[in-house]
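Only this structure's heavy atoms are used, side chains among them; waters, hydrogens and symmetry mates stay out.
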2 protein chains.
Amino acid sequence: MPRRIKSKHQHVASLEAELLRRVRAHGGLSRVQLARDLKLAPSTAGIYVDRLVREGFLLETENAGRETAGRPPTSLVPNPDGGRFIGVDFEARNLMATVVDFSQQPIRQVHKTLRPTDSAAQILAKIELAIDEMMVRDSRPVLGIGVGVPGAIDPVTNVAVHYDFITGWSDVPLGARLGERFGVPVFLENNIRSMALAELWFGAGRGLRNFVCIGIRSGIAAGVVVNGQLLHGAQHRAGEIGHWVCPVPAELAETASARRNGEWRWQAGAKLEQVASLSAIVAAAQRGLERRQKTALADVKGELTIDNVLAAAHDGDEFALSLVRAVGRVHGWVAHQINELFNPEKIIFAGPLADLGDLFLATVHETARELGDAGRDLVIANSTLGQYNGAVGAAALALHQWKPKR
Amino acid sequence: MPRRIKSKHQHVASLEAELLRRVRAHGGLSRVQLARDLKLAPSTAGIYVDRLVREGFLLETENAGRETAGRPPTSLVPNPDGGRFIGVDFEARNLMATVVDFSQQPIRQVHKTLRPTDSAAQILAKIELAIDEMMVRDSRPVLGIGVGVPGAIDPVTNVAVHYDFITGWSDVPLGARLGERFGVPVFLENNIRSMALAELWFGAGRGLRNFVCIGIRSGIAAGVVVNGQLLHGAQHRAGEIGHWVCPVPAELAETASARRNGEWRWQAGAKLEQVASLSAIVAAAQRGLERRQKTALADVKGELTIDNVLAAAHDGDEFALSLVRAVGRVHGWVAHQINELFNPEKIIFAGPLADLGDLFLATVHETARELGDAGRDLVIANSTLGQYNGAVGAAALALHQWKPKR
DNA sequence: GGGTATTATTTTGAAATCGAAATTACTGTC
DNA sequence: GACAGTAATTTCGATTTCAAAATAATACCC
């Protein structure tokens, strides 16, 4: 009769993991503060912290000048040499990868371009290549890999279920494959959700327990954090607001008749992704060029890209600005709906539009305030984490899920 | 120096409470099954169950004919005489109250009508009166009171924060007041959320971990259950989809021009509550009568009520039916949006419209399927719990929050 | 410099919980 | 009716976690 194999101290490991998470989130905590935060007895916190220090995951630091009475606390920080984690984030066109040290400081980053014609196998190869480049053999070993995957994933089996925009990307056993190849634990997450994790841990959502992160790239999706936890939904498909049926501002309408007046219109079946994503902006700009709209975009050589449009808006081109504002109005409506349904502490926009700053956000905010009761309690912000957002979030996912072995 | 008073065994009490919840949810569990469900050692489960049996909260039952080998399990059921709980649910016009026994079987129910002119104080008095009527002095004592309150509440301080449709209903210390008056713990919850709890524990949401309950009465709101937990939001204001800006079907439009064609329209500022609530239906029906629409409703004496309209629809009146269908289309859109955002296992509609059955739900379902990708994974249902739904949920809230004293 | 107040950490013994090994109460088989 | 097989429950240390008390390290005051 085979003896059942079972970790004898699984709680111990997860408690240690929780302590590490806390120390990473608010560096410089003491044993006693940790005990208070986690509702542990001080003695218990002491035991675990001692062990983590002994094993080289935490460092005790001198704390500089203090003025309060009493025995000074011994502050704890994660030991950067505790180990490294790799994060990968990709969608149809781009792949980003990063390595972070044990204190979640990025050490190195890499960007690769994906071609629309790339097959699933080719993309898999590029992922492995990017990870290889991050796998530098120095100091401490790589302890885990996190991947932000477009489309649906199954975080239990670590399978990438499906993504429309990569041919053959269905039921890819990404976790198993990378795990075998690199010999470390692999964690998958949908990529907008890993962006939300990045915001939660080091971005605009730091310290919040309820917020929504809206990612606008080729598609549109939302990562929802409730009580400090990512929301997945029954089939891990929560957040697909790209499929929302939404109002269409005249500027973004496809037909001339729909553009006639300034009023927003309701078109049966107009999906948010087709109305207010980056690709929708490019399409609307192209329609504008076709009808000889006066704009600096007319001078663009070759294929019109989203960067052209955003640059023109940034430089004050009226037509490009009108498109950005129209998209902003739609997302103002989105923010309003989400605010009423979730009552989050904050709504964070991520992606190239967010990088435009106030140019985009002002319209969003204005529209949301108009729609709500004086927009009460509505806080909207742009992500400030830049384009490695998702990769960093994926690395942090691995970092946070990882547990010291017992 | 006053010694800090603190329950020495708070986990014990909450573990016992959890065991009780499990046994209520799936009557007839055994010690071992409970241990498995809660990931406890069998010995631990045994210790607690023994104590609960000894204290009269659980009963061991004979289990009828079985065919499996091995020592038969001793099934456990909640002891109906373990204690009673009172639930109250009210909104602007109605107040419902119920008592349930320890196995959550309703024992008695009462309904009171509230007048629109009632002040906060008068309503408070009616609540107390209803509770008095439920406070029968027999067998076991009342252990807790749950109240489903309209509008915003603060479940931490147990204060009813605000509700628009009762004059002076602001910062009512309902929990403290009832607690003093009746000498038992009082638990507050927003009333749509307590309806969602009722669905979770004994209704269409039984056994589910992710679903949304949409309540359509004078207003419209949603109770969202994620991972088996109610979602509250940052200021406990989650679920206010009545404020959603939504499309308006021609049948429900206010102006003649908007009614002109069959297309749905987007009106800036059209709120779901003003478009697709019970009061909106009555208003649309009245507008129909004013323009001499052919309908059985023309024969109604006195003020037109929602019951008239729903009865007419039930009897096949074309005009009334067209209104119900139009509202159904709007809620089909709502279901679609919620489905994409949350990916719940089920969406449950509650309120008088749901009591119409398929007459209402068919349109909802059809619209939602049209809007989604073949409506994949979308399950929509009507509540079957009837009008004491909220009261039962409120009682269950008290029942579930209550812990045996240690 | 010595006492007092204050806060962090460690020590200590007790309570909660566990895992593995009995024990119990059945069913089915010869 | 004894005997094997099976699954629930109990028993019995061992481990984890706790709470309270003791100890340590500082500031502040005289």
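Between B/L15 atom CG and D/dC18 atom P there is a gap of 14 Å when expressed in whole angstrom units. Atom CD of A/E16 is separated from atom C1' of D/dT16 by 13 Å (rounded to the nearest Å). Rounded to whole Å, atom C1' of D/dT16 lies 11 Å from atom CG of A/L40. With rounding to whole Å, B/R36 atom CZ is found 9 Å from D/dA7 atom C1'. We find that CG of A/L34 is positioned 9 Å from P of C/dT9, with the value rounded to whole Å. Put simply, CZ on A/R31 is 9 Å from C1' on C/dA8, counting in whole angstrom units. Rounded to an integer number of Å, the gap from B/Q33 CD to D/dT9 C1' is 13 Å. C/dA16 atom P lies 24 Å from atom NZ of B/K39, rounded to whole Å.
The base of D/dA19 is paired with the side chain of A/S43 by a donor and an acceptor separated by under 3.5 Å.
By the 6.0 Å and 45° rule, A/R51 does not stack over the aromatic ring of A/F57. Seen from the ring of A/F211, A/R206 does not count as a face-on cation partner, given the 6.0 Å and 45° thresholds.
The side-chain heavy atoms of B/V186 and B/L174, taken from C-beta on, include no pair separated by under 4.5 Å. Side-chain contact between B/L19 and B/L34: present, with at least one pair of heavy atoms (C-beta onward) separated by less than 4.5 Å.
Across D/dA19, C/dC18, C/dT9, the shortest atom-to-atom separation from the side chain of B/T44 is found for C/dC18. For B/P72, the listed nucleotide lying nearest its side chain is C/dC26; candidates were C/dC18, C/dC26, C/dT9. Looking at the side chain of B/S30, the nearest of the listed nucleotides C/dG19, C/dT6, D/dT9 is D/dT9.
Using a 4.0 Å cut-off, some side-chain N or O of A/T74 falls inside it from OP1 or OP2 of C/dT9. Between B/R71 and C/dT27 there is no side-chain polar atom (N or O) within less than 4.0 angstrom of OP1 or OP2.
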*asked:* As a quick check of understanding, evaluate side-chain hydrogen bond (donor to acceptor under 3.5 Å, both in side chains) for B/E189 and B/H236, giving each step before the final call.
replied: CA-CA 10 Å; B/E189 187 51 279; B/H236 307 288; over 6 Å; no
